[in-house]
**Q** 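This is the structure, below, for whatever I ask next.
Naming: A, B, ... by sequence-line order, numbering from 1 per chain. All values below were derived from every heavy atom in this structure, side-chain atoms included, with hydrogens, water molecules and symmetry-related copies excluded.
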Amino acid sequence: MSIQVYNTLSRQKEPFQPLNGNDVNMYVCGPTVYNFFHIGNARPFVVFDQVRRYLQYRGYNVKYVMNFTDVDDKIIKRGLEEGISPQEVADKYVEAFFTDVEALHVTRADLYPRVTEEMSEIIAMIAELIETGHAYESGGDVYFSEQTFADYGKLSKQTMENLVAGARVDVNDKKKAPADFALWKAAKPGEIAWPSPWGEGRPGWHIECSAMIRKHLGEQIDIHGGGVDLTFPHHENEIAQSESCTHKPLAKYWMHNEFVNLNNEKMSKSTGNFFTTRELLEKYEGGVLRFLLLSAHYRNPVNFSEELVENAQNGLDRIRSSYANLTHRLETAVDGDADKVDVEQFRGQFTAAMDDDFNTADGITAIFELVSDANKYLRQETVERGALQAYLTILEELMGVLAVPLAAEEADLDAEVEALIAERTEARKSKNWARADEIRDQLTAMGIVLEDTPQGIRWRRK
RNA sequence: GGUGGCAUAGCCAAGUGGUAAGGCAAAGGUCUGCAAAACCUUCACUCCCCGGUUCAAAUCCGGGUGCCACCUCCA
C-alpha cells in the first residue's frame, strides 16, 4: 500500500506516485518577512516539514523549496515605521524566522529563494505571458488576463460568475476585467523599485512562486503546499500563470493545512487575535509546541489554548518518562535477547497511520501504545538488555520521524543539587524521613523532581 | 450570494458500512517510609438533530441546526 495523499485538486486521497521515480520536488509558500510569525503561521512550516521528513523516512529523495516574500506593501510600510529600508526589515525577520522555526525542530529547506534575488526570472516570465497573449500592460502595471486561461478555478472550484457575484473583487480601472490580477505593479514615487520593460516597479504577489518553482524545481513539481487560505486566489493564480507558460500541470498534489484558531477564530494579526511563536517559546518548549501541532491531523483546525499546551505537555511527558525509565534500567539489566518483545507491530501501526495522508494523530497513538507496552515490560523485576534496547531503538526511531525530542533540554546537575541528593540518600538510609522530605521539597522548589526506584534514584527537571 | 471545512466523553483527538482507538484530566486500587513514575480498574448503549437506504450507519443518502474559513492582504 502506497502513501495516500489528499489532493485539493481532486478533493480526495490519491496514491502518492512521484513524477520521477524516487525523487520528490516540493514547494511550500513561505512567509512575507515583515513580522514575527504567530503559531498559526507556524503550522504549515511544521506540517510540511513533517511531510518532507516522512517521505524521506519512506525512502524518497526530497528537494524542498520555500520562498521568502521580501518585498511588498507590508514590508515597505514596516520600513517606514521603523526608519529602515525594506531590505533591512526583510533581513531582520528572515533571521527571526530561522530562529523560531529551528526551535520547532523544523529542518531547513534546501533553498529559500527571495523575490529580490529572482527579479530577472520574474520579469522574463511576465514578458512571456505578455508575448503569448495571457497578460497585458496597462499604465505601467501588467495584468494577467484571467479569461485567457480556460482552467481558471479548477483548484478552488470557483467560477468567475461566483467571484463577481461576491462583489469583493478588487476594483481597479487599469484592469480590463475584474478578475484579472497584477503581475507587475508600477512604483509609486520614492518606493523601492526595479527596472523593467514596463517601467520601474515591482512584482505582484503571485508571480514570484511561479517563477521560482520553474527556476529551482522545474516546470512540474510533485507537491505544492500552503495554508488553506492560499487556495484562492494565490494558488489558483499560480496555476494560471505557470500553466499558461508550460501547458503542463504545475503540481501533481496540492496540499493545504487548516488553521490554528484562537477562541475559535482564526489567528489574525490585524485583530490582535494571536500569539507569536516567539512569545510562546518563552513559556513552552519548542518540542511541546511541535507535538501539539502534530496531535491533530493537518487538515483539521486546532483551537489553540493554554490548556491544550498543557495537555500536549503532559502527554509528551508520558512518552519521555517511559524513555527515561528504559534508559535508567539499562544499567541494571541482565543480558538477554530482544526477541521477547514485539516491537515491529508498532512500527507497522505508525507507518500505516502516516501513510494515510500523514495522519500524525494516529501515528502518535502508535507511539503511546508502544510506550504502554514498554511500561508493562518495565514492571518486571528483572529486565533484559536486548529488550530494553529494542524499545529504545524503536522509540527513538518513531519520535525521530516526528522530530520531537525525547528529552527536554536540560542543563547539567550542578554541584549543589548533587550534594543535596547525596545528603538525602544518607538521610533515607538512616530513616531520617523528615530530613529526606525536607530536601526533596527544597529540590522541588528548584524545579527538580526525584523518583526513588528499586534501581536507584532518578531525577528530572519539571 | 458562491465555495470549502467542521460538529465524537470534562478537555484534546482518531475512526468514513460491521457494532465507539489513543492521550489528558478525574475517581478507586497496587507499589512506595511517604511520594513520584508505573501498573490495574472505572470513566460515550453512543457519535448535533430529523428522516431514509441497509441484515448492519458515527460512517452512505436527503433535509435541518450550529460553528469556522475563503471569495480583499492573509498560513
**Q** When the P atoms of B/A58 and B/U16 are considered, how many whole Å apart are they?
**A**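 About 14 Å, rounded to a whole number of Å.
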**Q** Scan A/His38 against the nucleic acid and name what it touches under 4.0 Å (heavy atoms): base, sugar-phosphate only, or nothing.
**A**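 Base: the residue A/His38, judged by heavy atoms under 4.0 Å, touches a nucleobase.
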**Q** Between the base of B/G5 and the side chain of A/Asn300, is there any donor-acceptor pair under 3.5 Å?
**A**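 Answer is no: no donor-acceptor pair is held.
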**Q** When rounded to the nearest Å, what value does the distance between P atoms of B/G1 and B/C61 take?
**A**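 Looking at atom P only, B/G1 and B/C61 are 24 Å apart.
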**Q** Evaluate side-chain hydrogen bond (donor to acceptor under 3.5 Å, both in side chains) for A/Ser156 paired with A/Glu236, printing each intermediate quantity in order.
**A** CA-CA 7 Å; A/Ser156 58; A/Glu236 198 71 71; 2.6 Å; yes
**Q** With a 4.0 Å cut-off on heavy atoms, is A/Phe259 in touch with a base, just the backbone sugar-phosphate, or nothing at all?
**A**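 If one applies the 4.0 Å heavy-atom cut-off, A/Phe259 turns out to touch a base.
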**Q** Which whole number of Å gives the distance between the P atom of B/G33 and that of B/A20?
**A**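 Going atom to atom, P in each nucleotide, I get 43 Å.
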**Q** Which part of the nucleic acid, if any, lies within reach of A/Asn314 when heavy atoms closer than 4.0 Å are counted: base, sugar-phosphate only, or nothing?
**A**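 Sugar-phosphate, no base atom in range.
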**Q** I want to confirm an ordering. Mapping A/Val302 and A/Gln349 to their closest nucleotides on RNA chain B, which one lands closer to the 5' end?
**A**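 Upstream on the strand: A/Val302.
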**Q** For nucleotides B/A21 and B/G29, find the distance between their P atoms and express it as a whole number of Å.
**A**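 About 27 Å, rounded to a whole number of Å.
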**Q** Of all the choices, B/C12, B/G4, B/G15, which nucleotide is nearest to the side chain of A/Arg11 once you look at every atom?
**A**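 Closest of the options to the side chain of A/Arg11: B/G4.
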**Q** Using a 4.0 Å heavy-atom cut-off, does A/Val28 contact any base of the nucleic acid, only the sugar-phosphate backbone, or nothing at all?
**A**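 Touches nothing.
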**Q** Along nucleotides 28-44 of chain B, 5' to 3', which nucleotides get a B, which get an S, and which get a -, given that the test is a protein heavy-atom distance under 4.0 Å?
**A** -----BBBBSBSS----
**Q** Could you please name the option among B/A14, B/A69, B/C73 that lies closest to any side-chain atom of A/Asn359?
**A**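 Side chain of A/Asn359 sits closest to B/A14.
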**Q** Using a heavy-atom cut-off of 4.0 Å across all strands, would you classify A/Gly40 as base, sugar-phosphate, or nothing?
**A**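 It contacts base atoms.
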**Q** Given atom CG of A/Leu262 and atom P of B/A75, what is their separation to the nearest angstrom?
**A**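 Rounding to the nearest Å, CG of A/Leu262 and P of B/A75 are 16 Å apart.
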**Q** Taking any strand in view, what nucleotide pairs with B/G17 in a Watson-Crick or G-U wobble way, both distances under 3.5 Å?
**A**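 Across any shown strand, B/G17 pairs with none.
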**Q** Given that both distances must come in under 3.5 Å, which nucleotide forms a Watson-Crick or G-U wobble pair with B/A25?
**A**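 Here B/A25 is not engaged in any pair, so there is no nucleotide opposite it.
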**Q** Is A/Thr231 touching bases, backbone alone, or none of the nucleic acid, heavy atoms closer than 4.0 Å?
**A**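 It contacts nothing in the nucleic acid.
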**Q** Which residue is it: A/Phe48, A/Phe16, A/Tyr6, A/Tyr27? I am looking for the one with a ring pair (Phe, Tyr, Trp, His ring centres under 6.0 Å) to A/Tyr253.
**A**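 With A/Tyr253 as partner, A/Phe48, A/Phe16, A/Tyr6, A/Tyr27 yield a single ring pair (Phe, Tyr, Trp, His ring centres under 6.0 Å), made by A/Phe16.
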**Q** In this structure, how many angstroms lie between the P atom of B/C6 and the OH atom of A/Tyr298, rounded?
**A**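 Computing the A/Tyr298:OH to B/C6:P distance gives 12 Å.
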**Q** Can you say whether a donor on the side chain of A/Asn311 sits under 3.5 Å from an acceptor on the base of B/C11, or the other way round?
**A**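 Under the 3.5 Å cut-off, the side chain and the base do form a donor-acceptor pair.
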